[in-house]
2 protein chains.
Amino acid sequence: MKKLQHLDRNSVVPLYYQIQQRLLEQIQSRELAVGQALPATQELAATLGVSLMTARQAIKSLCDLGVLYSKQGKGTFISGMKLEKDFRQVLSFTEEMKARGSRPGSRVLSFGIRTGSREVLEALHLRPGEQVIELRRVRHANTLPMGIECSSLPLQLCPDLLDTFDPRTSLYRVLAERYGIDMIVADEVAEVGLATRVDARLLRISDKSPVFLFTRTSYVQSGRPVEYVRATYRGDRYKIVNRLTRLNRALLNSSRPM
Amino acid sequence: MKKLQHLDRNSVVPLYYQIQQRLLEQIQSRELAVGQALPATQELAATLGVSLMTARQAIKSLCDLGVLYSKQGKGTFISGMKLEKDFRQVLSFTEEMKARGSRPGSRVLSFGIRTGSREVLEALHLRPGEQVIELRRVRHANTLPMGIECSSLPLQLCPDLLDTFDPRTSLYRVLAERYGIDMIVADEVAEVGLATRVDARLLRISDKSPVFLFTRTSYVQSGRPVEYVRATYRGDRYKIVNRLTRLNRALLNSSRPM
DNA sequence: AAGTGGTCTAGACCACTCG
DNA sequence: GAGTGGTCTAGACCACTTG
């Protein structure tokens, strides 16, 4: 049995968030088992000394995460869904490799300003002739080449990036810290192909090896695109791990909440 | 200007959902433009004649969808994020092909009961020796072969599926309608490879063409795995379209809501 | 009928942003 | 200081499930 700590009502941390975290701890420590029913929302609220709505808010957020699920009239239950952190997200290469337990590295091929190609301009919603900052790198994991990436960013977005950014460090960190640019969503297209001679040499694989071909556009919260990436990744050392969900019901036709 | 319909307080449709749908329509019809600020929550609530919490609930749900975003002290704004329906979700092949505008079809290679391999049993959380229903199909889009899929389901979950299911129809629909099984989340691993001779013949591609190799495990709400799929898809006619998000902050370390 | 989650109210106070 | 979103309350009523 665990002694319940009281909630801190003077904290800047919202009550519902404290409750959410406490439940999460209890679930992750197996104190609450998979399939088990949570106390009724009213009981939980009474125990914690908070309002019903506040307790519901905490539960709702965990339902959205897939940790819990509620059935009207029955109760709220612990889901057996794994909540791993290694599903594909908007991550910098640096973050992704660390999450996979590898040591990231890069070799810069080129870094400069150029006029965007039609493909790049379209993806970034720029006008014809506008300039972009282009950064081409070979990405390494534990000193082995993993892929080739070519990032393009609107020049107007970060006009002095060329001076302030050391291209061997994390681009995403500089964008976030210096320019306040947080990419929170990205659209990615993955295709398969065969390595070209140039790519094969850079990746140290044999000619015509199967590779992943990525195009990725990243957006900030307002929906404005801020980065367009074309990448080629080794097929023998890279895989895509995805969590797919059934959503979007809100959008079309006559669906209603359950 | 559009005449605002009143909310229907006698409807079984929740008020917040009516509000959400109305906002969504106004956004999709460009009546509310990208970047524009929504009326203040209080104003919106007053206009609609609902409580503040109710209006907030509608706005919150649209923020979660990425349609809106709120900044404390500033306002709530229309995001330019596209809300397309063709991002990768938990979809049956049938649904996916229709969403892509193709006519789906299948050719059944085999359909029967067998003892699960170690790989299948592990994915489905079954005990050694347990039996599964296995369905192998060639998937077509507009009569052209797209991929080969091998689905395995726990026999205990749908013991009479072999009798009740016509393997040329939609597996997902039968599972949902007859057994109440709704797969709402799936974990998928995608790799690249070269087509084997057998697969190449079935897919009508040349030997050693690059292909996608998928393994996918689908789960119901409780977190119980109910389907394991191994699939090989043509690299020249298939691509993965993904929307990645930056989430999971709730899980680790000291993060807090913004 | 009792117990559950889902929706809703009419307020309150706080934190943040901007002029 | 005025306006905004974020949190919270103490109730109410409803819909659904189970015995």
Side-chain angles (χ1 to χ4, degrees), chain A residues 6-23 35-64 67-79 180 221-222 249-250 255-258, chain B residues 6-23 35-64 67-79 180 221-222 249-250 255-258:
Chain A
H6 281 129
L7 300 174
D8 182 357
R9 297 193 86 93
N10 297 320
S11 168
V12 289
V13 180
L15 283 176
Y16 81 89
Y17 193 78
Q18 293 181 44
I19 299 169
Q20 173 193 317
Q21 288 299 309
R22 175 184 296 195
L23 289 173
Q36 187 181 334
L38 224 60
T41 313
Q42 299 166 24
E43 187 185 331
L44 194 66
T47 306
L48 296 171
V50 301
S51 148
L52 232 174
M53 289 294 273
T54 304
R56 277 205 93 250
Q57 195 174 358
I59 290 170
K60 173 68 161 47
S61 65
L62 291 175
C63 286
D64 291 343
V67 176
L68 302 176
Y69 62 100
S70 295
K71 292 196 174 181
Q72 191 173 41
K74 295 190 73 171
T76 301
F77 305 88
I78 317 288
S79 163
Q221 211 171 25
S222 68
R249 271 195 308 271
S255 60
R256 292 205 298 101
M258 294 189 302
Chain B
H6 280 130
L7 300 174
D8 182 358
R9 298 193 86 91
N10 296 321
S11 167
V12 290
V13 180
L15 283 176
Y16 80 89
Y17 192 78
Q18 294 181 44
I19 298 169
Q20 173 192 317
Q21 289 298 310
R22 174 184 298 196
L23 289 173
Q36 187 181 334
L38 225 61
T41 313
Q42 299 166 22
E43 187 185 331
L44 193 66
T47 305
L48 297 171
V50 300
S51 146
L52 232 174
M53 289 294 273
T54 304
R56 276 204 94 251
Q57 195 175 357
I59 290 170
K60 174 67 160 49
S61 66
L62 291 175
C63 286
D64 291 343
V67 177
L68 301 177
Y69 62 99
S70 295
K71 292 197 173 181
Q72 191 172 38
K74 295 191 73 170
T76 301
F77 305 88
I78 317 288
S79 164
Q221 212 171 25
S222 68
R249 272 197 306 271
S255 61
R256 292 205 297 103
M258 294 189 302

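In the text below, chain A, chain B and the rest are named by the order of the sequence lines, each starting its count at 1.
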| remark: Side-chain contact check for A/Met53: nearest option of D/dT7, D/dT4, D/dT9 is D/dT9

| message | Looking at A/Arg9, I'd like to know whether one of its side-chain N or O atoms comes within less than 4.0 Å of OP1 or OP2 on C/dC13. | response | no

| Once you round it to whole Å, what is the distance between C1' of C/dC13 and CD of B/Gln42? | 12 Å

| Under 3.5 Å, is there a donor-acceptor pair between the B/Ser222 and A/Ser79 side chains? | no

| request: Considering just the side-chain nitrogens and oxygens of A/Lys74, establish if one lies under 4.0 Å of OP1 or OP2 belonging to D/dT18. | output: yes

| request: Would you tell me if any nitrogen or oxygen in the side chain of A/Thr76 comes within less than 4.0 Å of OP1 or OP2 on C/dG5? | output: yes

| field | Under 4.0 angstrom between B/Lys71 side-chain N/O and C/dT17 OP1 or OP2 | value | no

| query | Tell me, do A/Val13 and A/Gln21 make a side-chain contact under 4.5 Å, heavy atoms counted? | reply | no

| message | For B/Ser70 versus B/Cys63, what's the shortest heavy-atom pair and its separation? | response | OG-SG, 3.6 Å

| message | Tell me if a side-chain donor or acceptor on B/Thr54 pairs with a main-chain N or O of B/Val50 at a distance below 3.5 Å. | response | no

| said: Distance check needed: C/dT4 C1' versus A/Leu68 CG, whole Å only. | reply: 15 Å

| note | Testing D/dG6, C/dC8, D/dT4 for proximity to the side chain of B/Ser70, the answer is D/dG6

| Within a strict 4.5 Å, meaning less than it, do heavy atoms of the B/Leu48 and B/Leu15 side chains meet? | no

| query | So what does A/Leu15 hit on the nucleic acid, given a heavy-atom distance under 4.0 Å: a base, only sugar-phosphate, or nothing? | reply | sugar-phosphate

| request: Answer yes or no: does a side-chain N or O of B/Thr54 lie under 4.0 Å from OP1 or OP2 of C/dT7? | output: no

| request: For A/Leu52 and C/dG3, give me the distance from atom CG to atom P, rounded to whole Å. | output: 15 Å

| task | Can you tell me the distance, in whole Å, between the OH atom of B/Tyr16 and the P atom of C/dG5? | result | 16 Å

| request: Using only side-chain N and O atoms of A/Arg56, determine if any of them is under 4.0 Å from OP1 or OP2 of C/dG5. | output: no

| message | So, OP1 or OP2 of C/dG5: does either fall under 4.0 Å of a side-chain N or O from A/Thr41? | response | yes

| To the nearest Å, how far apart are A/Ile59 CD1 and C/dG5 P? | 7 Å

| said: Pick the closest DNA chain D nucleotide for A/Gln57 and for A/Gly73 by heavy atoms, then say which residue is nearer the 5' end. | reply: A/Gln57

| request: Specify the separation, in whole Å, of atom CD of A/Glu43 and atom P of C/dA2. | output: 18 Å

| Stems where DNA chain D pairs, listed by first number, each of three or more Watson-Crick or G-U pairs under 3.5 Å | C:1-18 with D:1-18

| task | Would you mind reporting whether A/Tyr16 and A/Gln18 have side-chain heavy atoms less than 4.5 Å apart? | result | no

| task | Please answer whether the main-chain N or O of A/Ala58 pairs with a side-chain N or O of A/Ser61 as donor and acceptor at a distance below 3.5 Å. | result | yes

